[in-house]
Amino acid sequence: MAPLLAVEDLHVTFDSPTGVVEAVRGVSFTVGAGECVAVVGESGSGKSVTARTLVGLAGAGARVRAARLDLADRDVRSYRPRDWRRVRGRLAGLVTQDALVALDPLRTVGAEVGEVLAAHDIVGRRERAGRVVHLLDEVHVPEPGRRARQYPHQLSGGLRQRALIASAIAGEPALLIADEPTTALDVTVQAQILRLLAERRATGAGLLLISHDLAVVAQVADRVLVMRDGRIVEQGPTGRLLRAPQHPYTRQLLAAVPSASSRGRRLGEPAQVRDGCAVPVLRRTPLPARPVVRPDDAVLDAVGLTRRYGPHTVVRDVSFRVARGETLGLVGESGSGKSTIARLVAGLLAADAGTVTFESARWSGVPERTRRPLRRRLQLICQDPLGSFDPRYTVGRVVAENLDPGPDRTDRVLALLHRVGLGPDLLHRHPRSLSGGQRQRVAIARAIAPRPSLIICDEPVSALDVSIQAQVLDLLGELRAADGTALLFISHDLGVVHHLADRVLVLHDGVVVEQGPVGDVFSYPRHDHTRSLLDALPTLVTAG
Amino acid sequence: MTVTLGTTPTAVVAATLVTDPPAPARRRRGRPRPGLLAAGTYLILLVVAAVVPALLAPGDPLAADPRAALTAPGAAHWLGTDQLGRDVWTRVVHGAGHSLTIGLAATAIAVTGGVLLGLLAGLAHRFADEALSRSFDALSAFPLLLLALLLITVAGPGTASLIVAIGIATLPHHARVVRAQTLLVRRAGYVEQAVSFGLSRPRLVLRHVLPNVIGPVPVLAVIGLGEAILAAAGLSFLGLGPQPPSPEWGAMLSEGRNYLQVAWWMTVLPGAAVTATVVALTVVGRHWQARFDGRQH
Amino acid sequence: MSLLRAVARRVATGLVVWWAAATAAYLALLAAPGDTVDSIVGDGADTPQIRAQIIAEWGLDRPAVGQYLDYLWRLAGGDLGRSYLRQRPVAEVIGEQLAPTATLAVTAAGLGVLLAVTVAVGTAGRRRRWPRRVSSGVELLLVSTPSFLIGIVLLSVLSFRYGLFPVAGDQGPAALVLPAVTLALPIAGLLAQVLRDGLDRAWDEPFVLTARARGVRERTVLLRHALRHALLPAVTLAGWLFGILLGGAVIVEQVFGRPGLGQVTLNAVTSKDMPVVLAVVTLSAAGYVVVNTAADLTYLLVDPRLRRS
């Protein structure tokens with residue numbers, strides 16, 4: 001029997017003002033009925049374009065060429081828009097990421113789900129409402145009747161994603177394409193959505209799962225395809241691919257994932273392993289040794305921090321200390337109050353109750369004038385470096401602003417850029433012309449410029465691809481060892497925190513539910529919330 | 001009231017059209033842009049006409065020649081003559097100074113007032129901001145033309161009333177844009193970040209807030225200038241601007257209207273001058289804004 | 001309930017704005033050079049009786065605060081004062097001329113919106129490159145041309161040259177065509193740009209991709225999903241539209257010799273009939289506030305996201 005989907009030598013190119021861009025360069029794979037195939041790659045790898053090409057929505061100005069493109073025994077290569085319309089929703093359903101914007105915010109959830117039924121005339125107008133409720137029920141949306149009448153913004157992220165899946169399966173497509181279906185979701189919700197998608201296989205549908213996250217797809221995929229620069233570099237059964245990756249890029253991707261086992265070691269450059277060598281793949285090099293942390297020598301002391309917004313208390317009675325040179329991780333899901341704590345500690349937001357002491361001086365509840373002399377001992381790195389740079393400034397000026405003036409200032413800027421791995425040629429460039437990783441390096445250079453004793457890192461690597469994330473984490477690891485800087489490291493990613501932090505604070509609804517050394521908390525969680533976070537965490541079982 | 005977008009048509013055009021796909025900013029650097037080039041050339045000629053009109057039209061715009069009245073465009077008068085035999089080309093060229101002066105003066109009032117009040121509202125505390133914003137709303141509740149009519153009734157017709165009226169009527173739009181921009185910059189990540197450099201508040205405002213707020217203002221002014229010239233033409237068409245025999249474009253249009261059937265050139269040519277000026281200003285302003293937006297990521 | 005509170009808030013804001021506008025108009029009267037009585041008389045007959053009447057009506061012999069409160073009170077009661085030039089109540093003068101202007105404005109608004117939506121829907125999207133360039137150019141030209149010039153050109157070609165429409169007056173629907181088109185064209189030009197821009201922006205939104213991936217026809221996606229989103233920013237232009245219609249009516253009525261509010265206003269301005277000018281300005285501010293508040297409330301109804309507390 002022919003596979004559900006057969007792709008051979010697929011090329012997709014785009015015409016852009018600067019020339020022709022080859023997004024997909026000769027991709028071949030199949031998806032069988034009841035099979036789950038995952039495509040993994042970083043941004044720009046062509047994975048999303050591949051997915052969208054399969055429903056005829058590669059994008060404006062796209063040119064598609066393939067030796068074979070069969071969907072349910074139909075050659076769709078010569079399809080015109082009208083033919084594609086019959087394929088979409090009926091033969092192939094598409095689930096995209098972030099259902100807040102993937103569902104029309106001006107229409108009810110029911111209308112969105114029912115649209116497929118109307119477009120293909122699947123059920124009559126009168127039965128449509130009933131079918132919609134049935135579909136929502138099928139994806140385990142509680143109170144489906146009430147939810148159908150609500151608008152997308154009234155649903156939680158997880159429920160929205162379920163509704164989006166309901167709309168994709170309404171036409172009972174033979175192939176379900178899920179493009180980063182869990183990316184914007186918290187880990188606990190992510191696990192539920194993955195289980196839901198996996199359920200579809202039981203109905204005989206094929207599932208094509210697109211993701212940047214190897215760990216996520218490893219949980220449900222039968223086979224994995226690794227894409228890079230528009231090509232498939234490696235493909236194979238999930239277990240084999242994870243245990244014995246053949247291609248260096250696959251190894252690099254696997255090595256870049258931070259976890260408990262990578263503590264104290266570099267995530268990037270796992271290049272010691274030569275091709276074809278039988279030695280375990282993930283031989284990571286160690287990071288430089290750090291000075292000993294003395295727990296009684298506190299840089300920062302926060303006691304009983306509380307912050308309300310209107311009737312909501314977003315942070316409630318949070319206390320912690322950061323010792324000199326220590327890295328304290330702060331984990332929690334979205335809305336748990338992590339960023340509010342960062343702003344409270346940074347003195348950018350006043351607490352309703354509680355005190356912060358920094359470098360043995362009172363830091364909260366004092367006028368900004370009093371804080372100012374100590375300001376530069378406490379620096380900030382945020383998730384969006386570009387937004388933290390004055391749009392008029394060049395890289396050099398961004399970094400120089402945080403240095404004392406002097407004749408040798410340019411030299412000091414160059415030295416700082418060198419420390420974060422950036423060349424002198426970037427001095428006069430504008431940050432917006434840099435890549436995401438380079439921008440974050442500039443932000444780090446600026447933060448370390450005044451030799452601070454504490455850097456608050458608020459989700460510094462969340463927007464980065466995994467291999468870039470690895471480099472930035474390695475850089476932070478080196479710098480804290482060399483300077484003895486303490487880090488308050490905020491992240492939703494337990495793996496990152498486990499990799500980098502000494503101690504960890506678990507937040508839930510603005511309350512600290514658990515804190516202690518990383519190893520203890522993550523190995524022997526005492527609180528239910530910590531446990532559910534850890535259970536939901538997709539982990540890679542790899543060699544090494 | 002919620003998001004009240006621009007209250008002036010050209011401002012809205014400027015705000016929306018920059019994102020059109022054939023926007024200049026999306027093109028490759030160095031590719032010729034005939035529209036922009038033409039607009040730029042026209043504006044340079046316009047400035048020349050305003051500053052040294054004799055260079056383009058050496059004649060006297062007020063010199064009447066009854067024997068040559070209502071001559072069609074031809075060799076002697078290549079844009080024809082009006083009912084008094086005055087050369088239309090000479091009058092259109094000499095009118096540029098009048099129209100441009102009125103436009104510039106009105107825009108200066110609107111932009112200066114708008115920037116000051118907008119900054120004040122954007123930097124002030126909530127209560128003062130609310131009061132100022134509501135007063136911008138109240139001011140823009142008067143349609144431009146009616147506000148001008150009110151002021152002219154109070155102060156009498158003439159160039160000065162015209163300038164003040166248009167300036168005040170277009171002020172709230174500028175104020176709102178500047179206020180919105182100020183709020184945006186105030187909440188921007190880089191301003192928050194700059195606090196951690198230990199900058200004092202006045203230095204923070206001077207170094208990061210002001211330059212980023214003021215940056216787009218010249219663009220706003222260019223586009224506002226077109227709007228002001230358009231409004232001035234309308235008011236002087238109604239006989240409420242510079243009085244004849246002044247060769248102001250709107251006044252010329254108003255005069256020419258009576259001779260429409262016998263001498264279309266008396267109306268169409270000054271009209272074309274107004275339209276071309278507004279189009280050129282909008283094209284240049286739009287291009288500039290697109291470049292600006294490109295710079296702000 | 002949050003929706004009710006949001007409505008109440010907007011209505012209250014509207015009232016505050018109108019109050020401020022009425023006050024500003026009143027201050028303009030006081031700021032006029034010379035005696036206020038002279039300003040109110042204007043070019044009308046100036047007799048001691050009339051002066052006494054004015055002082056009594058405007059309470060000019062009372063303290064300033066009293067005068068002002070009295071003025072507001074009369075306005076709130078719908079009393080627009082008296083035109084001493086015409087020797088009639090202002091409400092009567094305006095009331096007579098309201099109908100032709102309203103007909104013109106409503107026709108023009110309808111025509112403009114219709115044209116704009118048609119053109120925007122017809123030219124939105126990435127593939128139609130040339131139609132959209134041409135329409136962009138025409139729209140820019142329409143927005144940049146003084147409306148009286150458009151009127152004059154239409155008049156000279158279609159009425160004088162070909163005699164298709166009457167030259168002046170307001171007799172019958174034929175006489176309405178050219179003035180309405182003149183007024184509608186710049187509006188259509190601007191709205192079409194705003195709408196097309198909104199459509200393009202909406203077309204890039206993920207929910208459009210999802211809708212297309214469901215197998216919905218492109219035209220349906222455009223009309224059902226994208227157009228709604230594109231109309232939202234256009235709704236905020238309602239207040240601007242009102243101002244343009246009113247200001248434009250003054251000019252268009254002048255060009256086409258139509259009776260209406262515009263003619264009344266213009267006559268009042270040239271003959272310095274202050275009470276009429278004041279009344280027209282205050283009324284137009286009220287109209288603007290009503291239209292804007294209505295637009296805000298529409299926004300609230302169309303966009304469920306704003307109904308959150």
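In the text below, chain A, chain B and the rest are named by the order of the sequence lines, each starting its count at 1.
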Check: B/V154 and C/L29 side chains under 4.5 Å, non-hydrogen atoms: no
Contacting moiety of C/I152, where chain B heavy atoms sit under 4.5 Å: both
Check whether any side-chain heavy atom of C/S144 lies under 4.5 Å from a side-chain heavy atom of B/V274, and answer yes or no. no
Among C/V280, C/V291, C/V153, C/V255, single out the residue with the greatest number of heavy-atom pairs under 4.5 Å to chain B. C/V255
Please identify each residue that fulfils salt bridge (Lys or Arg N to Asp or Glu O under 4.0 Å) with C/D273, with sequence neighbours left out. none
What part of C/L300 gets closer than 4.5 Å to chain B, counting heavy atoms only: side chain, backbone, both or neither? neither
Between B/R257 and C/Q254, which heavy-atom pair has the shortest distance, and what is it? NH2-O, 3.3 Å
Interface check, chain C: of B/I152, B/L235, B/L238, most non-hydrogen pairs under 4.5 Å belong to B/L238
B/L150 CG to C/T265 OG1 distance, which is reported to the nearest 0.5 Å: 11.5 Å
Between B/T267 and chain C, with a heavy-atom cut-off of 4.5 Å, which part of the residue counts as in contact: side chain, backbone, both or neither? both
Which heavy-atom pair separates C/V143 from B/L230 by the least distance, and what is that distance? O-CD2, 3.5 Å
Gap separating the OG atom of B/S140 from the OH atom of C/Y288, nearest 0.5 angstrom: 4.0 Å
Would you check if B/P143 and C/I244 make a side-chain contact, meaning some heavy-atom pair closer than 4.5 Å? no
B/F142 side, atom CZ; C/T282 side, atom OG1 - distance, nearest 0.5 Å: 7.0 Å
Inter-residue atom distance C/T13.OG1 - B/D137.CG, 0.5 Å rounding: 8.5 Å
Please report the interatomic distance CG(C/L278) to OG1(B/T153), rounded to the nearest 0.5 Å. 8.5 Å
B/R286 side chain near C/L140 side chain, heavy-atom distance below 4.5 Å: yes
Looking at side-chain heavy atoms only, is the closest gap between C/L149 and B/T275 below 4.5 Å? yes
